[in-house]
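The figures that follow rest on heavy atoms only: side chains count, while hydrogens, waters and symmetry mates do not.
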Amino acid sequence: MNFKSIKFFVVLLSCLLVSKAEKVEVVVEGATPIAQTDEDFICVTLDWWPTNKCDYDQCPWGQAGLFNLDLKNKILEKAVKAFHPLRIRVGGSLQDQVVYNVRNNIENCQPFQKQDKGFLFGFSIGCLDMKRWDELNEFFNQTRYKFMTSIAKVTFGLNALIGRKESKTEKTLWVGDWYSHNARDLMSYTISKGYKIDSYELGNELCGVGVSARIEAKQYAKDMATLKNLVKEMYPNPKTQPKVLGPGGFYDKKWFDTFLDASGHDVIDGVTHHIYNLGPGNNPDVVCRVQDPFFLTQIAQTFKDVSNAIEKFAPWSGAWVSESGGAYNSGGQLVSYTFAFGFWYLDQLGMTSVYNHKVYCRQALTGGNYALLNTTTFVPNPDYYGALLWHRVMGSKVLSVTNKGSPYLRVYSHCAKKEPGVSFVFINLSKNTSFEIDLFHDLNLNGGSPNFEFKGHKKREEYHLTPKDGNILSSIVLLNGTPLELSDLLEIPELKPKLVDGLIPISIAAHSIAFITIRDFNAPACC
C-alpha cells in the first residue's frame with residue numbers, strides 16, 4: 001500500500017462516529033408541493049475526453065469518450081434502456097473545440113490530438129464526422145419494446161467559441177459574435193435524418209471567470225438569442241422544437257444576473273450550471289466530505305441563488321444542473337465509483353429538487369472515476385442503481401419534509417411516481433447510528449400545529465441500499481441484503497422492494513440509503 005492510500009484510509013478512520021441508536025421525528029407537509037422537477041429529472045453526461053486525458057498520474061477515461069465509446073456494448077445499451085428514457089447530455093470541456101464536418105469540407109477530419117500549447121485544455125480542435133454522428137444517434141434513437149419511445153432524451157452541447165477570437169488585452173476573454181453556420185449545418189443534417197434532439201446547450205464553462213476561456217455576459221445573452229432564432233427557424237413546429245439551454249458553467253451572481261436580464265423574454269428554456277463542490281479528485285478529504293452533513297449543506301445556497309435569479313429575471317425558464325461530478329479532474333480516485341459517493345449524489349438530487357431544479361445531469365455515464373458504469377467493463381457502479389431507483393420511485397412533485405433529529409440523517413420526500421402515495425429517500429451518513437423513524441403528517445395550511453402521527457395500514461415498499469461487507473468504499477451495493485449483479489445474460493437486475501407492515505416503524509441502518517414508498521400516505525399535494 002503506497003503513502004497516498006495510507007493517508008486516505010487514515011482520513012477515512014477519522015470520519016467514524018460513536019455507536020448509538022436514535023429515534024427521529026420526521027414531519028411531512030403534504031398539503032401543497034414546494035417545487036416540481038421534470039419527469040425525467042435524472043440525467044447523465046457523455047463527454048468528449050480522449051484516452052490520454054490524465055490527472056494525478058491516472059488516465060481514467062479509457063475508450064469512454066464520444067469518439068471512442070463502444071455503442072454496440074450490450075451492457076451499455078441495457079443500462080440506458082432501463083430508464084426508458086434516460087436523459088443524456090452530450091458535452092463537456094472540449095465541446096467548444098468540436099467542429100462538425102457536415103459538408104465534408106474539413107481536410108483531415110480527426111478527433112482530438114494532444115498538444116503542448118496553443119489550445120484549450122492541451123488538446124487540438126476535434127472534428128466530428130457524420131458517420132460518428134449517425135452512430136451516436138442510432139444508439140440514442142433506439143426504441144424500447146412496449147414503450148415505443150427513444151431510449152434517450154438528448155441534450156447536445158454546441159461549440160460556443162466558433163467564430164470568436166481571443167482578446168488582445170484581457171487574458172482568457174474571447175470576443176466577437178458566435179458563428180452559428182456550423183451549428184445550422186448540423187441541425188439541418190440531424191433533421192434530414194429524423195434524429196430527435198430534446199435540447200441544445202450553448203457552450204461549456206465560459207461564464208463568470210470561466211475555466212480556460214470566458215465570454216462577457218451581455219455577449220453571451222446576444223448569442224443565446226441567435227441560437228433561439230436558429231432553433232425556431234430549423235424546427236418551426238413548437239411541439240417538437242428543442243429547448244435552448246445555457247450558459248452551462250459555474251454560478252457567479254453578477255454574471256448570471258446580467259446574462260439573464262439581457263437575454264430577453266422566452267429565449268432561454270433552461271438555465272444550466274455546474275457543480276463540483278467536493279474539490280479536486282486527489283483530495284483525501286473527499287471521503288469525509290461526503291459523510292459530513294454540514295459540508296453537504298453548504299452548496300444549498302448556490303441552488304437557492306440560481307433559483308431566485310431565475311424567478312427574478314427569467315420566470316418562464318427552469319434551473320438545470322447540466323454537469324456535476326462532485327470532485328473535478330475526473331472524480332475522486334478512491335471514492336467516486338464506490339457506495340460512499342451515493343451519500344453526496346443522492347443528497348444532491350434531493351437538495352436540487354427542493355430548490356426547484358428541473359434536471360440534474362451526473363458526470364458521467366461512463367468515463368473517469370465518477371462514472372455510473374465501469375469505464376472498462378460497463379458493469380454498473382453503486383450510484384447507477386441509486387439513479388435508477390430515484391427515476392422509478394420519486395415523482396416530480398416535491399414535498400417539504402423536516403427531520404427533527406440528527407443532522408446525519410438526510411430526508412427528502414416527493415409524491416410517488418405514477419401511482420398514489422408518497423416516496424422518501426433516507427440517507428444515513430453515520431457509520432454506527434441507526435435511526436427509527438416516527439413519521440408525522442402536517443396538513444395545517446396556516447403554519448400552525450398540531451401534526452398527527454402517521455400509521456400506515458398498507459404494506460410499505462422499501463428499498464434499502466447498503467455496501468458489501470459494510471465497507472462504504474466497496475463498488476458493490478446490496479439491495480435489501482442481496483448484491484445487485486448482472487444476470488448471466490448481462491441483464492440489469494430487477495429492483496424489487498421489500499414489503500413491510502405499515503404499522504412497523506421505519507428503520508434506517510447505519511451507513512445506508514433507503515427509498516421508501518407509502519401508498520396510503522394521502523397527501524393532498526399528490527392527488
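Rounding to the nearest 0.5 Å gives a distance of 4.5 Å between CG of Leu206 and CD1 of Ile215. From Leu389, atom CG reaches atom CG of Leu465 across 5.5 Å, with rounding to the nearest 0.5 Å. Rounded to the nearest 0.5 angstrom, Tyr220 OH and Leu227 CG are separated by 10.0 Å. With rounding to the nearest 0.5 angstrom, the CD1 atom of Ile299 is 9.5 Å from the CD atom of Gln301. In this structure, Leu76 CG and Phe139 CZ are separated by 4.0 Å, a value rounded to the nearest 0.5 Å. For the atom pair Lys74 NZ and Glu491 CD, the distance stands at 10.0 Å (nearest 0.5 Å).
Remark: the backbone N or O of Trp178 is paired with a side-chain donor or acceptor of Asp223 at under 3.5 angstrom. No donor-acceptor pair under 3.5 Å is formed between the side chain of Arg289 and the backbone N or O of Trp344. Between the side chain of His391 and the backbone N or O of Asp40, no donor-acceptor pair lies under 3.5 Å. The closest donor-acceptor contact from the side chain of Asp129 to the backbone of Asn101 lies at 3.5 Å or more, if one exists at all. Within the 3.5 Å criterion, the main-chain N or O of Leu260 finds a donor-acceptor partner in the side chain of Ser263. Using a distance-only test at 3.5 Å, with no hydrogens or angles considered, no donor-acceptor pair links the side chain of Ser336 to the main chain of Asn369. Listed for the Ser124 side chain is a donor-acceptor partner under 3.5 Å among the backbone atoms of Gln113. Side-chain atoms of Asn159 do not come within 3.5 Å of backbone N or O of Val99 as any donor-acceptor pair. In this structure, the side chain of Thr338 engages the main chain of Val335 through a donor-acceptor pair within 3.5 Å. In terms of modelled atom types and a separation under 3.5 Å, the side chain of Ser423 and the main chain of Val393 share a donor-acceptor contact.
Listed by chain and number, the residues in a side-chain contact (heavy atoms from CB on, under 4.5 Å) with Asn329 are Lys53, Asp55, Tyr56 (sequence neighbours excluded).
Using modelled atom types, one finds a donor on one side chain and an acceptor on the other under 3.5 Å when comparing Glu39 with Ser396. Looking only at atom types and distance, the side chain of Gln363 has a donor-acceptor partner in the side chain of Asp47 under 3.5 Å away. Of the N and O atoms on the side chains of Asn381 and Tyr370, not one donor lies less than 3.5 Å from an acceptor on the other residue. For Gln219 and Asp177, the side-chain atoms include at least one donor-acceptor pair closer than 3.5 Å. With hydrogens and angles left out, the side-chain atoms of Arg87 and Ser199 include no donor and acceptor closer than 3.5 Å. Under 3.5 Å, the side chains of Thr37 and His357 contain no donor-acceptor pair of N or O atoms. Asn68 and Trp61 share no donor-acceptor pair across their side chains, judged by distance under 3.5 Å alone. Residues Tyr189 and Asp134 bring a donor and an acceptor atom of their side chains to less than 3.5 Å of each other.
The 12-atom threshold is not exceeded at NZ of Lys222, counting heavy atoms of other residues, nucleotides or ligands nearer than 6.0 Å. Counted within 6.0 Å of CD on Glu311, heavy atoms from surrounding residues, nucleotides or ligands total 12 or fewer; the atom is thus considered open. Annotation: Lys218, atom NZ; neighbour count of heavy atoms from other residues, nucleotides and ligands within 6.0 Å does not exceed 12. Enclosure of atom CG in Asp116 is not indicated, since only 12 or fewer non-hydrogen atoms of other residues, nucleotides or ligands lie within 6.0 angstrom. The local environment of CD in Gln58 is crowded, with over 12 non-hydrogen atoms from other residues, nucleotides or ligands closer than 6.0 Å.
Looking at Tyr200 and Val244, their side chains never come closer than 4.5 Å, going by heavy atoms from C-beta outward. Contact check for Gln97 versus Leu161: no side-chain heavy atoms found under the 4.5 Å cut-off. In this structure, Trp390 and Tyr345 have side chains that are not in contact, with every pair of non-hydrogen atoms separated by 4.5 Å or more. In this structure the side chain of Leu158 never reaches within 4.5 angstrom of the side chain of Ser180, judged on heavy atoms. A 4.5 Å side-chain heavy-atom check between Glu494 and Ile492 finds every atom pair outside the cut-off. When side chains are defined from C-beta on, Lys114 counts as touching Phe123, because their heavy atoms get closer than 4.5 Å. Proximity of Phe343 to Arg410: side-chain heavy atoms (C-beta onward) are nowhere separated by under 4.5 Å.
Trp48 and Phe112 have perpendicular rings, their planes meeting at more than 60° on a 0 to 90° scale where under 30° would count as parallel. The aromatic rings of Phe259 and Phe256 lie perpendicular to each other, with more than 60° between the two planes, well past the 30° mark. Ring geometry, Phe41 versus Tyr360: the interplanar angle falls from 30° to 60°, so the pair is classed tilted. The aromatic rings of Tyr355 and Phe303 lie tilted to each other, with the angle between the two planes from 30° to 60°.
Each of Asn104, Leu186, Thr190, Asn137 was evaluated against Met130; a single residue qualifies, Leu186, per the side-chain contact (heavy atoms from CB on, under 4.5 Å) test.
Nearest heavy-atom pair, Pro280 versus Val286, reported as atom, atom and distance to 0.1 Å: O-CG2, 4.0 Å. Across all non-hydrogen atoms, the minimal contact from Ala35 to Val354 is CB-O, 3.7 Å. Of all heavy-atom pairs between Tyr235 and Met187, the closest is CE1-SD, 4.2 Å.
Contact check on Arg103 versus Asp185 returns a salt bridge, with a Lys/Arg side-chain nitrogen under 4.0 Å from an Asp/Glu carboxylate oxygen.
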>> Run Asp269 and Lys228 through salt bridge (Lys or Arg N to Asp or Glu O under 4.0 Å) and show every step you take.
In response: CA-CA 9 Å; Asp269 301 304; Lys228 185 69 170 185; 2.9 Å; yes
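Here salt bridge (Lys or Arg N to Asp or Glu O under 4.0 Å) pairs that include residues 232-245, with residues two or more places apart or in two chains, are Arg184-Glu233, Asp198-Lys243.
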